[in-house]
Amino acid sequence: MKMSIISIASALLLSLAACTNEGSIDGTEKPSTPTPPAPTGPVATVYTTTGSGTQRLDASVAELLTTPNMAPTTIQIDPAQTYQTMDGFGFAITYSTCYNLMKMDPVERAAFLKKTYSTTEGYGVSYARISIGCCDFSSTEYSLCDEQGLEHFALHNDETQYVIPILKEILAINPDVKIIAAPWTCPKWMKVNNLDNLQPYDSWTDGHLNPAMRADYAKYFVLFVQAMKQQGIDIYAVSPQNEPLNHANCASLYMPWQEEAPFVMELAKAFNQNGIDTKIYVFDHNYNYDGNEDQNDYPVKVYDAMGGSFEGSELVVGAAYHDYGGSNTELTDIHNQAPDKELIFSESSIGTWNDGRNLSKRLIEDMKNVTLGTVNQWCKAVLVWNLMLDQNMGPNMDGGCQTCYGAVDISTDYKTLSYNSHYYVISHMSSVVRPGAVRIGTTQRSVSKSGVVYSAFQNADGSYALVILNASDEALTPTVSDGANHFQVAVPAQSVVSCKWN
């Protein structure tokens, strides 16, 4: 048994060796990582990324020991203390992402997607977010039914020629990847200027959903889920509206909680009547509700307005959040008000405004706030924005984000990749925390150093995972213990370390 575990660990190190030599747009590469000496017993797999970039998801192993643990600095996991069950971690698969991926050499694209999504030869990324119709990283503004009447519903070229082919490649690598979808706008013929005079509103930006169109718009979602199903793609979840309090996006629809609640009831009924079990997450916007006091606690107000007895109510499972305003402490507040509802984190971006290509700055901040900061406050999934943009932050549309970077940026020759913080923080989580894992408790002995944050999990196969952020300027070597086994792990200053063991 010991030999088989060692063989698996050695194979893992060899299969991920290519992942440790990631180029940048300027063509530079980091040195290869020496293979550590083979251990003599069962091991923990360890991934390390440093803010300096000297280590980038470098894989190593730490030997598990069963001797008495006398270490003064110990992180003790506690499987008896359980929290939320995890659904996964991932990226948005926009038209722009797919455009760039499809410009790559097919062999190189396949290798990149395998490294990202494979559970056996990569990091096992397990979630994806797509738009229903256009988003600000589409080829143009469009809905899936621009001509009035649902008989005109059809998938657009962005879906059929870009997003769907890439999703099929991803699902061929990892069939268990979950997909959540959200619209940026309804068809323009469903819009009115406000709910007082109900005048038609012929604009991609802003406007309200005409209450008389709620049933038709719910059917629009049904047609989308069915159309994707015909392509072999299951839609795991939807949100009724991306950023419902954002008037100004290039494609948008204003949907305060007073308007989302009745539409969600219509949507849940339509799903139920058509045999669709796709989950519904309400809200899908910022922690601070864009400063609108009337919209504070938006998800809770939606839940209260709907009650619990409407048709399809079991499909309305929780709320989604973004981080472009406010603090992630709002997650705990909403959990405490609605502990029976789920929470997911569905969007964050890096760009020129937050020094998004500076790994030394962003790795620590994003690991603290985007991943560990949301997971430790009840989120069962974490998704960031574009998986891949080009080095000029595109392609994108006027009126959308002109200053966003991808989790990965690709050079204009579509060959050289530059990996940014969002790729690392998502991969650190997904590489050790599998869908179905349960977040569990921890106790500590002399590890209460400022800047050290961590989260522990038990995977469905019984293995344990621990992700550690060390934001301090001092390297640490804590011992990790599950009660039966323990191992020592090196956690460099300003780094992220992920561990997995049986």
Side-chain angles (χ1 to χ4, degrees), residues 1-13 16 33-50 55 57-86 367 372 375-376 428-429 431-434 436-502:
M1 181 64 178
K2 289 184 179 180
M3 289 304 296
S4 65
I5 294 173
I6 295 167
S7 298
I8 291 170
S10 299
L12 176 65
L13 289 172
L16 291 177
T33 303
T35 302
T40 58
V43 296
T45 302
V46 180
Y47 299 90
T48 304
T49 300
T50 55
Q55 297 184 72
L57 284 165
D58 286 5
S60 61
V61 295
E63 188 169 4
L64 296 181
L65 303 174
T66 57
T67 55
N69 174 28
M70 306 301 291
T73 303
T74 297
I75 300 172
Q76 175 82 45
I77 66 171
D78 181 8
Q81 188 177 7
T82 59
Y83 301 94
Q84 76 272 28
T85 299
M86 305 304 299
M367 199 73 206
L372 290 178
V375 165
N376 285 343
H428 263 284
M429 301 301 296
S431 62
V432 298
V433 183
R434 300 304 191 196
V438 176
R439 183 167 69 94
I440 58 177
T442 58
T443 57
Q444 60 182 13
R445 188 161 70 228
S446 301
V447 193
S448 56
K449 186 175 183 61
S450 176
V452 177
V453 181
Y454 47 84
S455 189
F457 306 84
Q458 184 167 22
N459 288 302
D461 65 0
S463 63
Y464 295 117
L466 180 70
V467 182
I468 307 170
L469 165 67
N470 179 11
S472 77
D473 294 326
E474 179 183 343
L476 305 173
T477 54
T479 294
V480 178
S481 174
D482 61 26
N485 304 282
H486 62 275
F487 61 95
Q488 194 172 65
V489 59
V491 186
Q494 300 288 314
S495 75
V496 178
V497 171
S498 299
C499 314
K500 184 181 179 184
W501 71 100
N502 288 318

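In this chain, residues are counted from 1 in sequence order.
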query: Just how far is it from atom CD1 of Ile468 to atom NE2 of His428, taken to the nearest 0.5 Å?
result: 11.0 Å
- request: Determine the minimum heavy-atom distance between Ala71 and Thr479, stating which atoms define it.
  value: CB-OG1, 3.2 Å
- line: To the nearest 0.5 Å, atom CD1 of Ile77 lies from atom OG1 of Thr443 at 9.5 Å
field: Pairwise side-chain contact, Thr442 with Gln81, heavy-atom cut-off 4.5 Å (strictly under)
entry: no
field: Non-hydrogen atoms of Pro492 and Ala490 that approach each other most closely
entry: CD-O, 3.6 Å
- prompt: If we only count heavy atoms from C-beta on, is the Val452 to Pro478 side-chain gap below 4.5 Å?
  reply: no
task: Could you pull out the closest heavy-atom pair between Ser481 and Asn69, with the gap in Å?
output: CB-ND2, 4.2 Å
- request: Check whether any side-chain N or O of Thr74 sits under 3.5 Å from a backbone N or O of Gln76 as a donor-acceptor pair, and report yes or no.
  value: no
Smallest separation among heavy atoms of Leu372 and Val453, with atom names: CD1-O, 3.8 Å
- request: Could you give me the CA-CA distance, side-chain angles and deciding distance for Ser455 and Asn376, then say whether side chain to side chain donor-acceptor pair (under 3.5 Å) is met?
  value: CA-CA 7 Å; Ser455 189; Asn376 285 343; 2.8 Å; yes
- prompt: Without hydrogens or angle criteria, can the side chains of Gln55 and Thr50 be said to hold a donor-acceptor pair below 3.5 Å?
  reply: no
- line: CD (Gln84) and CD1 (Ile440) are apart, to the nearest 0.5 Å, by 12.0 Å
Heavy-atom pair with the smallest gap, counting every atom of Ala484 and Asp482: N-OD1, 2.8 Å
message: Would the distance check show the side chain of Asn459 and the main-chain N or O of Gly462 forming a donor-acceptor pair, the cut-off being under 3.5 Å?
response: no
- request: Report yes if some heavy atom in the side chain of Tyr454 is under 4.5 Å from a heavy atom in the side chain of Val467; otherwise report no.
  value: no
query: Excluding sequence neighbours, so at least two apart, what forms side-chain contact (heavy atoms from CB on, under 4.5 Å) with Thr67?
result: Leu65, His486
- prompt: Should Val375 and Met86 count as side-chain neighbours, where that means a heavy-atom distance under 4.5 Å?
  reply: yes
task: Carefully, step by step, assess Thr73 and Leu476 under the rule side-chain contact (heavy atoms from CB on, under 4.5 Å).
output: CA-CA 9 Å; Thr73 303; Leu476 305 173; over 6 Å; no
- prompt: What pairs meet the ring-ring contact (aromatic ring centres under 6.0 Å, His included) rule with one or both residues in residues 455-478, with sequence neighbours excluded?
  reply: Tyr464-Trp501
field: Val61 and Val46, any side-chain heavy atoms less than 4.5 Å apart
entry: no
- prompt: Is Val432 close to Cys499 at the side-chain level, that is, under 4.5 Å between some pair of heavy atoms?
  reply: no
query: Is the closest side-chain donor-acceptor distance between Asn470 and Gln494 under 3.5 Å?
result: no
pair Thr82-Gln458: side-chain heavy atoms closer than 4.5 Å: no
- request: Kindly write out the residues that satisfy side-chain contact (heavy atoms from CB on, under 4.5 Å) with Ser431, not counting sequence neighbours, or none if the list is empty.
  value: Tyr47, Tyr123, Ser498
